[in-house]
2 protein chains.
Amino acid sequence: MKSYHHGNLKKELLTCALKMCERDGYTKLSIRSLAKESNVSQTAPYRHFKTKEELYAAVATEGFNKLYKVMSKSKSQDHKKNLISSGKEYINFGLKNSNTYDLMFGTAIADFTKYPTLFISANKLYQHLRSAVANHSNEKDQDRIDEKSIDTWAKIHGLVGLLRKLQAVPSKVLKIPDTPIVAINKISKDLDGYLERFIEKI
Amino acid sequence: MKSYHHGNLKKELLTCALKMCERDGYTKLSIRSLAKESNVSQTAPYRHFKTKEELYAAVATEGFNKLYKVMSKSKSQDHKKNLISSGKEYINFGLKNSNTYDLMFGTAIADFTKYPTLFISANKLYQHLRSAVANHSNEKDQDRIDEKSIDTWAKIHGLVGLLRKLQAVPSKVLKIPDTPIVAINKISKDLDGYLERFIEKI
DNA sequence: TTATTATGTTTACACTGCAAACATTAGTTT
DNA sequence: AAACTAATGTTTGCAGTGTAAACATAATAA
């Protein structure tokens, strides 16, 4: 006779959800498939996540925490180095954890403020970016620092989106001229150089 | 006795899908709801769209065509004016047609090259952007023009994403400091000024 | 010990994508 | 004109989905 109650189902569901999300994409992550993969009844997850969006929010929160961790690894005295390292880690995360990335920065969760822990994790990440930008530039005006930070984020986020399109595309498409794919492929091949120029323009 | 065959169902399904997508978001756009709203049997759309993704692709294609249209309106001799106009139209489209925008630039359709008409429409838009950038800058090196084009798109796309987050958020959140929302709100209030500075940095 | 609460299961409903079998119409060939 | 074929519609059916409601059991508080 197996034990009726589980004990730490919530944590197990969450780690399982993270794995499934990354493996199959968040659109395939269903509450029922999650339950099945966790060997628990179909509707058991509802005791821990009131809606599917709440599950999404939990997965996204983990994503922000992970991303924060890798982005704040570099603690050099050279601020430029830190910024470049953060940028690389960001891109790497976006490409390696692309499905979780979608959840974090897509529109599946419309309003972050409905999920306080998610909101906090996302803001912490922004604060990291902002101080990296502030340290690197010699800007003092707070509004300009904000603007530069948003600029930087927007650009690198857009870049991740394009690099992912590049990954998705069949390789023979790379030879079709007059296509953004060709352009993004060139950047992809010299990402370090690109990032150098990127940083200079901040 | 009502007519069995419809005649131009495909076109009607498409316009209906566009409307529904914009109204409810593409995640709510189902083949069955589309059939119902078009007063036709549940599975009738399958005669015209083999899969749901094919329907998505058709909607996205229309989106690219529309966006191309508004972005290529401005035909001034002043290339800077054209570029700014295109940028504004892009942002406006992204904010007003945000659900279609998701379909166009999100990950719902993984590989554009599977849908030739979509691929062509998207490329046409890129070509417009690229020539606008080329005309504005005095850059001659083709690779640098490509890079500037990608840069420009990435940044403005990221900006649209952030402006949308701003729209989604309850207004009292605007007062919480140390939040990207505050920063993006400042940009939003002076979008023209922002775009001026934006263009200068291309 | 008993009452309450947290957490699990079962059942049920309305919805989804899509395949298969069937019906009707339009277009083409004889 | 008649007959065959292809295109386009309907009906039926299956497996999967989110989530609400009723029920069962275990952990905790009184």
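Lettering of chains follows the sequences in order, A, B, ..., and the numbering in each one begins at 1.
- The nearest whole Å value for the distance from the CD atom in A/Glu53 to the P atom in D/dT17 is 19 Å.
- Distances were taken from every side-chain heavy atom of B/Ile31 (C-beta onward) to each of C/dT7, D/dT17, C/dC18; the shortest belongs to C/dC18.
- The ring pair (Phe, Tyr, Trp, His ring centres under 6.0 Å) with B/His157 is formed by just one residue from the set B/Tyr126, B/Phe105, B/Tyr90; it is B/Phe105.
- As a whole-Å value, the separation of B/Leu34 CG from C/dC15 C1' is 15 Å.
- Between the CZ atom of B/Arg47 and the P atom of D/dG9 there is a distance of 9 Å, rounded to whole Å.
- For B/Ala44, the side-chain atoms get nearest to D/dT10 when compared with the rest of C/dT16, D/dT10, C/dT10.
- Summarising the geometry of A/Leu67 relative to A/Glu89, their closest heavy-atom pair is CD1-O, 4.3 Å, with the distance given to 0.1 Å.
- In this structure, B/Ser30 reaches the C/dT16 phosphate: one of its side-chain N or O atoms is under 4.0 Å from OP1 or OP2.
- In this model, the phosphate group of D/dG9 is approached by a side-chain N or O of B/His48 to a distance below 4.0 Å at OP1 or OP2.
- If you take CZ of B/Phe49 and P of D/dT8, they are 12 Å apart, rounded to a whole angstrom.
- Distance B/Tyr46 OH to C/dA23 C1': 20 Å, rounded to the nearest Å.
- Rounded to an integer number of Å, the gap from B/Lys10 NZ to D/dA7 P is 13 Å.
- Going from atom CG of A/Leu9 over to atom P of D/dT25 covers 18 Å, rounded to whole Å.
- Side-chain contact check for A/Tyr101 and A/Tyr26: no donor-acceptor pair (N or O, by modelled atom type) lies under 3.5 Å.
- Which of D/dT19, C/dT9, C/dG17 sits closest to the side chain of A/Ser41 comes down to C/dT9.
- Closest to the side chain of A/Thr43, out of C/dT10, C/dC18, D/dG18, is C/dT10.
- Residue B/Asn8 is the one, among B/Arg32 and B/Asn8, whose nearest nucleotide of DNA chain D lies closer to the 5' end (criterion: closest heavy atom).
- When each of A/Gln42 and B/Gln42 is assigned the nucleotide of DNA chain C bearing its nearest heavy atom, the one mapping closer to the 5' terminus is A/Gln42.
- In this structure, OH on B/Tyr115 lies 10.0 Å from OG1 on B/Thr61, to the nearest 0.5 angstrom.
- Using bins of under 30°, 30° to 60° and over 60° for the plane-to-plane angle, the ring pair B/Phe64/B/Phe112 lands in the perpendicular bin.
- Going from atom NZ of B/Lys52 over to atom P of C/dA19 covers 14 Å, rounded to whole Å.
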